[in-house]
*Asks:* 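This is the structure I want to talk about, given as structure tokens.
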Amino acid sequence: MKRLDIEIEEARTALAQSGLTDEWSLPQPVHAGSAAPRSAAGPLYRLDAVQKLFTRRGARVAALDGVDLTIENGEFVIVMGSTGSGKSTLLMLLGALDRPSAGTLSCEGQDLSRLGESGLCAVRGRLVGFVFQSFNLIPTLTALENVETALVPLGVSAGERRERALAALADVGLSQRAGHVPGELSGGEQQRVAIARALVKDPHVLLADEPTGNLDEKTRDDIVGVLESVWRERGKTLIVVTHDSSVAARAPRLIRLHEGRVVEHVRQNGAGVVSRAADGSVVATPPAAATAVLEEAGTPVGAMAP
Amino acid sequence: MFFTYVWRELRRRKRQALLTSLGLALGVALVVIVSAVTTGVGDAQQDVLKSLYGVGTDVTVTKSVEMQESMRGQFRMSTDDVEKVGDQFVRDTVIATPGAGTFLEERITEIAQMDDVAASVGGLLLTNARVSGDYEWLEEREQLEQSGSGFGQGPPPEGEEGAGQGAGMPPIEITTFSMAGVDVSDVELGPLGSVELVDGRLFEAGEEADNVAVISSSYAKQEELAVGDALTVGEKEYEVIGTVASQAGGEGVNVYLPLVRAQKLVDSEGKVNQIYVRADSAESIPAVEARIAELLPAATVTSAEDLAEQVSGSLGSASSLADRLGTWLAVAVLAAAFLVAGLLTMAGVSRRTTEFGTLKAIGWRSRRIVGQVMGESLLQGVIGAVLGVGLGILGAVLVAQLSPDLQASVATGPEIQEGGMVGRMASDLLDTTQTVSIEMTAPVGLDLVLLAVGLALAGAVFAGILGGWRAARLRPAEALRRVE
């Protein structure tokens, strides 16, 4: 798709007439599953001036450097960026695996920056499902048992655990492979087990870190299809870190990071792409599609703030 | 889930798990073996003390005197008082154990009336010495003695020091057998307290002055005597009424006689050279010892505990070996096993960083992961305990089977300082060192098995704590970042 610039003011004028709100919001997906749509009372995540600093060889390095971001319930967000841009760090913070060094990060109104390890652990156990590039399955446990591990911290009884794990495996089409250990499964099957493990506890958000990084093209499409259906049919918030542009093209919202900062915000649909850079410049491709794209996104161009 | 996960993990890391378990097993096995041997040696010491001392005797009282007083003159021989057999002379002499002083029998009564004393009896240890040698030499010696340098008086001439049959030494052979005068009113206390009846019977009350004897079974075999036969001692015949054996199978007294008969043999009526005391309780033994020492300042008062310290020979060596080297070896190996188990567990946790990071990412709390590590470690400990107890029992059995019998010796007679022929003869006659041969055992009791299991589990807990500490410190973001 060829990109054409349009004047920011033109776009703002066009979109100001749409009367849409100042917030980014997405059209709500059709919920086919049992999961109920989230409350629209507030965003799922709100990040204000979030910093994450690490010490490398005695020097302080900012993996994230003042990130402002809002992610609503039910969004499908792609996070892209070059190696070291801070995208995995962002995912760790969103997944309550770590705390920001500065700034505030809230999840469903709860300030994760102030939570202790126990509180973070509870958030991870209840709200967040993880999918990793290397699948990270326990090699000695069967697919079924691997899925069950996600229910262990919730204190679910053994019988219910098994029942729910079997259902989760069925959802990703792996019922027949439930008794196999990861070494006996293909990469795609292992990632499906990992997705089942992430979904079995019915989390609010699914975080996937390069979920297709270790898969071939066909399997990649399968896995992206599974993830997309989780978002589209079950209404889960889906945040995916990827390098793969074909994966990125399937999400309505894309955030690009560079050196720990959000450098580009993109809204897209089948009709076109509207991008807003860190300096406030907006680019629509094709220009005529800008209004439609942002209308679908529920966002005026002038409000393409994070 | 917990047990499935634990079991599968150990199966996956078979080699490491086996190494950890074997390390613990080795340490535990050594503890079992050393403890079993120590117990066996301790039992052997008890057997020795029973054998040498008597089951019912808590304290013995003896008195050492200058040997010259008791020895001089007793071996003075002339051609008149020996029996001539061809060119050889033979002389049998019964003497009270040389160097052992005597007590009046009143002392026994005084001791018996002391507080904390249950009973007290006297005994008289005697030695029958048969001296045989060249008759012509005896004649020459007698002539020399008449000229002023007799044997048995004063220092020996130059050249008479040293080995028995060396240059200048008389061609004399001395053979002895030991005898004990026993208070027939209480045979449980005293010399017969440490023997088992093999045949016949022991003395009975009323046989104080009878010519009856009880002999050791080994002496009976040597002299081809049996119950009912006559035994000649000091030109008198005694009827053998019983044969006995030392409880530990060692050599003890050869012939037991009623005390009165023994006293008459050495013209020591009303005197004893051993007093055997039974205390009311084990706790009161030190007090009894102190009272007797106060009553008889010149006497040597010995308890079983004192005697244990004098036990020498291979039993003493085994005891020392088990106590010192064995204990330290076991402790060192056990400590090494603990350390190896701990390090291997920590290394195992390090290798599973991603796994534990993932579990934390899906909501597992640190304590659950620590519990998982601890569970795996404990299972290795259980395997180590089973292997260790098995190896330990096998080792203990092998030690007991392959080790030679232990020899225990206790010197109960006075120390011989004097050299020359008198010294040599005295040494032979005074050889009151009693030697007992004890079969080595290494019993493994339930308490030892429980100790072994406890130690293996302690090692596993130690390793689990180290591994768990490492796992608990693992920050999930760090753990997962390492994989990126």
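Each chain gets a letter, A, B and so on, in the order its sequence line appears, and its residues count up from 1.
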*Asks:* Would you mind telling me which of Cys121(A), Ala158(A), Gly213(A), Ala150(A) has the largest number of heavy-atom pairs within less than 4.5 Å of chain B?
*Replies:*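 Highest number of heavy-atom pairs under 4.5 Å: Cys121(A).
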*Asks:* Got a sec, which pairs hit ring pair (Phe, Tyr, Trp, His ring centres under 6.0 Å) with one end in residues 101-130 of chain A, sequence neighbours left out?
*Replies:*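 Sorted result for residues 101-130 of chain A: Phe130(A)-Phe132(A).
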*Asks:* Does the side chain of Ser118(A) come within less than 4.5 Å of Arg365(B)'s, by heavy atoms?
*Replies:*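 Yes; the side chains approach each other to less than 4.5 Å.
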*Asks:* Considering only heavy atoms, which portion of Ile138(A) lies under 4.5 Å from any heavy atom of chain B: side chain, backbone, both, or neither?
*Replies:*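 When you check distances to chain B, only side chain atoms of Ile138(A) fall under 4.5 Å.
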*Asks:* By a 4.5 Å heavy-atom criterion (distance strictly below it), what part of Val128(A) contacts chain B: side chain, backbone, both, or neither?
*Replies:*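 Neither part, no heavy atoms under 4.5 Å.
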*Asks:* Please output the residues of residues 178-191 of chain A in contact with chain B, using a heavy-atom cutoff of under 4.5 Å, in numerical order.
*Replies:*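 Residues in range: none.
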*Asks:* Any side-chain heavy-atom pair from Glu355(B) and Pro139(A) closer than 4.5 angstrom?
*Replies:*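 They are in contact (side-chain heavy atoms under 4.5 Å apart), so the answer is yes.
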*Asks:* Which heavy atom of Gly363(B) sits nearest to which heavy atom of Pro153(A), and what is that distance?
*Replies:*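 Residues Gly363(B) and Pro153(A), closest heavy atoms: O-CB, 3.2 Å.
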*Asks:* Are any of the side-chain heavy atoms of Arg124(A) and Ile362(B) separated by less than 4.5 Å?
*Replies:*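 They are not in side-chain contact.
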*Asks:* Which region of Arg126(A), side chain (C-beta onward) or backbone (N, CA, C, O), has a non-hydrogen atom less than 4.5 Å from a non-hydrogen atom of chain B, or is it both or neither?
*Replies:*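 Answer is neither: Arg126(A) stays 4.5 Å or more from chain B.
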*Asks:* For chain B, find which of Leu97(A), Thr83(A), Leu93(A), Leu154(A) contributes the most heavy-atom pairs closer than 4.5 angstrom.
*Replies:*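 With the most close heavy-atom pairs to chain B, the winner is Leu97(A).
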*Asks:* Run the side-chain contact (heavy atoms from CB on, under 4.5 Å) test against Ser85(A) and tell me which residues pass, sequence neighbours left out.
*Replies:*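 Result, side-chain contact (heavy atoms from CB on, under 4.5 Å) vs Ser85(A): Ser82(A), Lys87(A), Leu257(A).
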*Asks:* Does a side-chain heavy-atom distance below 4.5 Å link Thr140(A) with Thr4(B)?
*Replies:*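 Answer no - side chains too far apart.
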*Asks:* So does Arg12(B) have more than 12 non-hydrogen atoms from other groups sitting under 6.0 Å from CZ?
*Replies:*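 Yes - once you tally the heavy atoms of other residues, nucleotides and ligands closer than 6.0 Å, there are more than 12.
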*Asks:* For residues 145-154 of chain A, pull every pair meeting side-chain hydrogen bond (donor to acceptor under 3.5 Å, both in side chains), keeping only residues two or more places apart or in separate chains.
*Replies:*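 For residues 145-154 of chain A, and leaving out neighbouring residues, the side-chain hydrogen bond (donor to acceptor under 3.5 Å, both in side chains) pairs sorted by first residue read Thr142(A)-Glu145(A), Glu145(A)-Arg8(B), Glu148(A)-Arg161(A).
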*Asks:* Could you state the interatomic distance from CZ (Arg99(A)) to CZ (Arg475(B)), rounded to the nearest 0.5 Å?
*Replies:*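 Here the interatomic distance stands at 7.5 Å.
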